[in-house]
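Working notes, structure below.
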Amino acid sequence: MIQLVRGFRDILPPETSVWQYVESIAKEHFENFGFREMRPPVLEQAALFQRSIGEHTDIVEKEMYTFAGSKDTMLTLRPEATASVVRAYIQHKLYSVDPICKFYTIGPMFRKERPQKGRYRQFHQINAEVFGVDSPYMDAQLIFMLMTYFARLSITGLRAHLNSLGCPECRPAFRQNLSDMLSARTEKLCEDCVRRLDKNPLRVLDCKKESCREAVADAPSMIDFLCGDCKRHFAAVQSVLDRMDVPFEIDTGLVRGLDYYTRTAFEIQTEELGAQNAVAGGGRYDNLVEMLGGPSQPAIGFAVGVDRLVELVEAKFPAFDAGPDVFFVPMGDAAMEMVAQWVCRLADAGIRTEADFSGRSLKALMRRADRMEAKNVLIVGDKEIAENEAVLRNMKTRDQVGVPMDRLVDTVREKVAREEF
RNA sequence: GUGGGUGUAGCUCAGUCGGCAGAGCACCAGGUUGUGGCCCUGGGGGUCAUGGGUUCAAGUCCCAUCACUCACCCCA
C-alpha cells in the first residue's frame with residue numbers, strides 16, 4: 001500500500017476540530033485588530049525566497065522544495081509566508097490606495113528538514129503582517145495581539161522574548177565587534193559555531209553548548225550598539241508593553257534565522273514542546289519591501305506555528321468533539337424509509353443528526369449511539385408506527401417521551417434547540 | 001545531512017534458553033425476543049516492517065534496507 005511522504009501527515013478527526021477552533025479564534029481576534037485575510041499561493045518563483053530570506057540561510061541553502069517550472073524559472077513550495085505577502089503587496093500596488101495595510105494568512109509551509117517532535121516538512125502557520133507603520137506602538141500592539149490570542153485559547157506558561165537587531169546604520173558595527181572578539185577565541189567554540197562565525201556571527205550567541213555559552217558570556221550585545229533611533233524605538237516598545245501589563249524578557253541571544261529582520265525581534269516560547277520551544281516568532285523587516293522592488297515602506301509581522309499550538313491546546317483539553325444531538329434508531333424497513341427522510345430534514349434544519357441503517361439489533365444501535373455520545377436517541381419501530389409516535393430518549397437522564405410523527409422534524413428541532421431533550 | 005531509540009492484532013504492549021502467535025483495551029455476538037454505560041460468556045482479527053543469511057526449526061541470532069521516533073543543525 002502507498003504510504004504518505006516522510007515528514008508529511010494526515011490530520012484526522014477529532015484533531016481537526018482543534019484546528020478549526022484555533023483558526024477560527026485567530027480570524028476573529030485578528031480581525032478585531034483590523035487585519036484582513038489574504039490567501040497567497042503556496043507556489044512561488046524560487047528567486048522570491050532567495051532574495052528575501054537570504055542566500056546563505058539554511059532554509060534557502062538546503063531546506064526548500066524547489067523544482068523546474070516551465071521555461072527557465074525555478075519554482076519553490078513556500079518555506080514561509082511573509083515573502084509572498086510582501087510580493088502581493090507590491091505586485092497589486094496595494095500601497096497606492098493606502099500604504100498602511102494589515103493582513104493575516106493561514107496555510108501550509110514546506111521545508112525539507114529532518115522531522116522531529118513539533119517539526120514537519122509540511123507545517124502550518126498563521127501569519128500577520130503590517131505594512132507602512134514604523135511606530136513602536138505597532139510592535140507592541142502586535143505582541144499584545146499575540147499574547148491575548150494565546151490567552152483566548154487558555155494557553156498558559158508562555159514567555160515573550162524580546163530583542164532588537166538594530167538597523168543597517170548600527171548593526172554592521174556590532175557584527176564586526178562580535179566577529180573580532182569571537183575570532184580571537186575560536187578554540188573555545190564548537191565546530192558549528194566556528195562555521196557560523198563567518199556566515200552569521202550573531203548565531204553564536206544562541207548556541208546551546210555550554211562551552212560556547214561561556215565563550216560568549218562577556219560578549220557585547222546588540223542593545224549596546226543600537227543607534228539613537230533604534231534605541232528610542234526599542235525603549236518605546238518596552239514601555240508600551242509595560243503599560244499594557246504584557247510580561248516579557250529581554251533576550252539578547254534571540255537572533256532570528258532570516259536575513260530580512262531589523263529592529264524588534266520577538267519569540268513566544270513554551271516549556272512543553274520538547275526541543276521546539278518557539279510557538280510564534282516575528283519581528284520588523286523595514287527594508288524588505290524595498291528590497292523586493294516595492295516602495296520604501298516599513299513592515300512588521302509574525303508567524304504562529306499552528307501544529308505546535310494545536311499540541312498545546314490538546315494537552316489542555318483532551319476531549320474536544322461533540323456527539324450528535326439526535327441519533328435515529330430505525331427498526332424495520334418501514335421505519336428506515338421514514339427515518340431516511342427525517343434525518344436529512346433535521347440535519348438541514350441545523351441539528352447534528354446521525355442515523356443507523358444497518359438493521360442490527362436495538363441493543364447494538366443503542367450501544368453505538370452511546371459510544372458516539374449522542375445526546376438523544378429517536379427510536380422508530382413497528383409499535384411506534386402503529387401508534388404514530390416515535391420515542392425520543394434523552395441518553396443522559398434516560399427520560400423518554402413520545403413525539404407525534406406528523407410534526408416530528410419541527411417538534412424535535414424545537415425540543416433540541418431548547419435543550420429540553 | 002549526523003547520532004541514539006523503536007518496529008509483534010485497529011491501539012498500548014508482553015513474548016524466557018531458538019521449539020504451536022499472546023494479553024489488555026477496542027470491535028462483533030449472546031446473556032436480556034425492543035433500550036446504551038457496569039458485569040459475565042463466547043467470537044472475529046497477524047506478511048511478527050521488508051529482503052536475505054545461519055539452523056532440523058527464527059518473532060527471537062546475524063546482515064542489509066525501509067519506516068517511525070527523539071535529539072543535533074536550523075526553525076514555527
Side-chain angles (χ1 to χ4, degrees), chain A residues 1 3-9 53-54 56-64 78-82 106-128 146 190-193 195-196 199-200 203 206-209 254-258 261 266-270 273-283 301-312 323 327 329-332 335 356 358 360-385 391-400:
Chain A
M1 100 139 250
Q3 300 214 351
L4 87 185
V5 178
R6 177 193 205 113
F8 289 67
R9 59 179 180 149
I53 298 170
H56 299 293
T57 57
D58 278 18
I59 294 177
V60 171
E61 275 182 356
K62 56 183 196 193
E63 295 174 1
M64 297 204 305
R78 63 178 181 192
E80 58 119 28
T82 302
I106 303 177
M109 311 294 156
F110 305 85
R111 291 183 201 172
K112 200 171 179 176
E113 300 174 276
R114 192 78 174 260
Q116 69 183 74
K117 186 177 174 64
R119 170 188 296 161
Y120 308 95
R121 289 183 170 182
Q122 174 179 330
F123 60 102
H124 302 77
Q125 291 187 337
I126 302 173
N127 277 75
L146 247 185
C190 69
E191 209 178 302
D192 290 320
C193 282
R195 186 172 46 81
R196 289 182 181 118
K199 250 174 65 178
N200 186 354
R203 295 232 69 99
D206 68 352
C207 183
K208 287 164 190 152
K209 293 205 174 66
L254 178 62
V255 182
R256 318 256 49 237
L258 290 65
Y261 283 112
F266 55 93
E267 205 166 270
I268 314 298
Q269 300 180 0
T270 173
L273 290 177
Q276 264 53 52
N277 60 358
V279 106
F302 64 73
V304 177
V306 184
D307 306 70
R308 294 175 186 179
L309 182 56
V310 164
E311 246 191 89
L312 292 176
F327 187 101
V329 176
M331 307 292 293
D356 190 317
S358 66
R360 292 191 299 154
S361 70
L362 176 59
K363 175 180 174 150
L365 270 43
M366 289 299 291
R367 280 217 315 147
R368 178 151 184 256
D370 184 52
R371 275 202 318 275
M372 292 179 83
E373 295 179 322
K375 296 183 183 66
N376 305 281
V377 162
L378 216 126
I379 302 167
V380 187
D382 292 342
K383 200 171 88 188
E384 286 72 23
I385 293 173
V391 173
L392 181 62
R393 176 185 178 87
N394 182 313
M395 292 295 275
K396 197 168 173 185
T397 64
R398 310 179 76 161
D399 294 331
Q400 294 193 171

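Numbered from 1 within each chain, the chains take letters A, B, ... in sequence-line order. These values consider heavy atoms only, across backbone and side chains, with no hydrogens, waters or symmetry-generated copies.
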Hey, what are the protein-to-nucleotides 1-4 of chain B N/O distances that come in under 3.5 Å?
{"residue": "B:U2", "atom": "O4", "partner": "A:Arg114", "partner atom": "NH1", "Å": "2.4"}

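Between A:Leu365 and A:Ser358 there is a side-chain heavy-atom pair separated by less than 4.5 Å. Considering only heavy atoms from C-beta on, A:Lys383 stays 4.5 Å or farther from A:Met331 through its side chain.
Of the two residues contacting RNA chain B, namely A:Pro115 and A:Arg111, the nearest-nucleotide position lying further toward the 5' end is that of A:Pro115. Summary of the strand contacts: A:Leu4 and A:Val306 both lie near RNA chain B, and taking for each the nucleotide with the nearest heavy atom, the more 5' one is attributed to A:Leu4.
The residue A:Gly118 sits close to a base: some heavy atom pair falls under 4.0 Å. At a threshold of 4.0 angstrom between heavy atoms, the contacts of A:Ala280 are confined to the sugar-phosphate backbone, with no base atom among them. Residue A:Tyr120 is classed as a base contact, given a heavy-atom separation below 4.0 Å to a base.
By the 6.0 Å contact criterion, CD on A:Glu61 is enclosed, its count of non-hydrogen atoms from other residues, nucleotides or ligands being greater than 12.
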Assess whether side-chain hydrogen bond (donor to acceptor under 3.5 Å, both in side chains) is satisfied between A:Glu80 and A:Gln125, documenting all intermediate values. CA-CA 8 Å; A:Glu80 58 119 28; A:Gln125 291 187 337; over 6 Å; no

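Look at A:Arg393 and A:Asp399 and you find no salt bridge, because none of the NZ, NE, NH1 or NH2 atoms lies under 4.0 Å from a carboxylate O. Remark: A:Lys62 does not engage A:Glu113 in a salt bridge, criterion side-chain N to carboxylate O under 4.0 Å. A salt bridge does not link A:Arg119 with A:Asp307: every distance from a Lys NZ or Arg NE/NH1/NH2 to an Asp or Glu carboxylate oxygen is 4.0 Å or more.
Minimum interatomic distance between A:Phe123 and A:Phe110 (heavy atoms only, all atoms of both residues): CE2-N, 4.2 Å.
For A:Gln276, no side-chain nitrogen or oxygen approaches OP1 or OP2 of B:C75 to under 4.0 Å. For B:A67, the OP1/OP2 oxygens have no side-chain nitrogen or oxygen of A:Gln3 closer than 4.0 Å.
To the nearest 0.5 angstrom, A:Asn127 atom CG is 9.5 Å from A:Ile106 atom CD1.
Comparing the same atom, C1', in B:C38 and in B:G31 gives a spacing of 14 Å after rounding to whole Å.
A 3.5 Å limit on both hydrogen-bonding distances identifies no Watson-Crick or G-U partner for B:G44. Look at B:C61: its Watson-Crick or wobble partner, with both distances under 3.5 angstrom, is B:G53. Shown here, B:G7 forms a base pair with B:C66; the pair counts as Watson-Crick or G-U wobble because both key distances fall under 3.5 Å. B:G1 is paired with B:C72 under the criterion used here, namely a Watson-Crick or G-U wobble arrangement in which both key atom distances are under 3.5 Å. When both pairing distances are held under 3.5 Å, B:A23 makes a Watson-Crick or G-U pair with B:U12.
Taking atom CE on A:Met64 and atom P on B:C74, their separation rounds to 18 Å, with Å as the unit. B:C75 atom C1' lies 15 Å from atom CZ of A:Phe266, rounded to whole Å. For the pair A:Lys117 NZ and B:U6 C1', the interatomic distance rounds to 16 Å; values are reported in whole Å. Between the CD atom of A:Gln116 and the P atom of B:G5 there is a distance of 17 Å, given to the nearest Å.
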Between protein and nucleotides 30-44 of chain B, map the contacts as a letter string: B base, S sugar-phosphate only, - none, heavy atoms under 4.0 Å, written 5' to 3'. -B--BBBB-------

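Relative to the six-membered ring of A:Tyr120, A:Arg9 meets both conditions, a distance below 6.0 Å and an angle of at most 45° to the axis.
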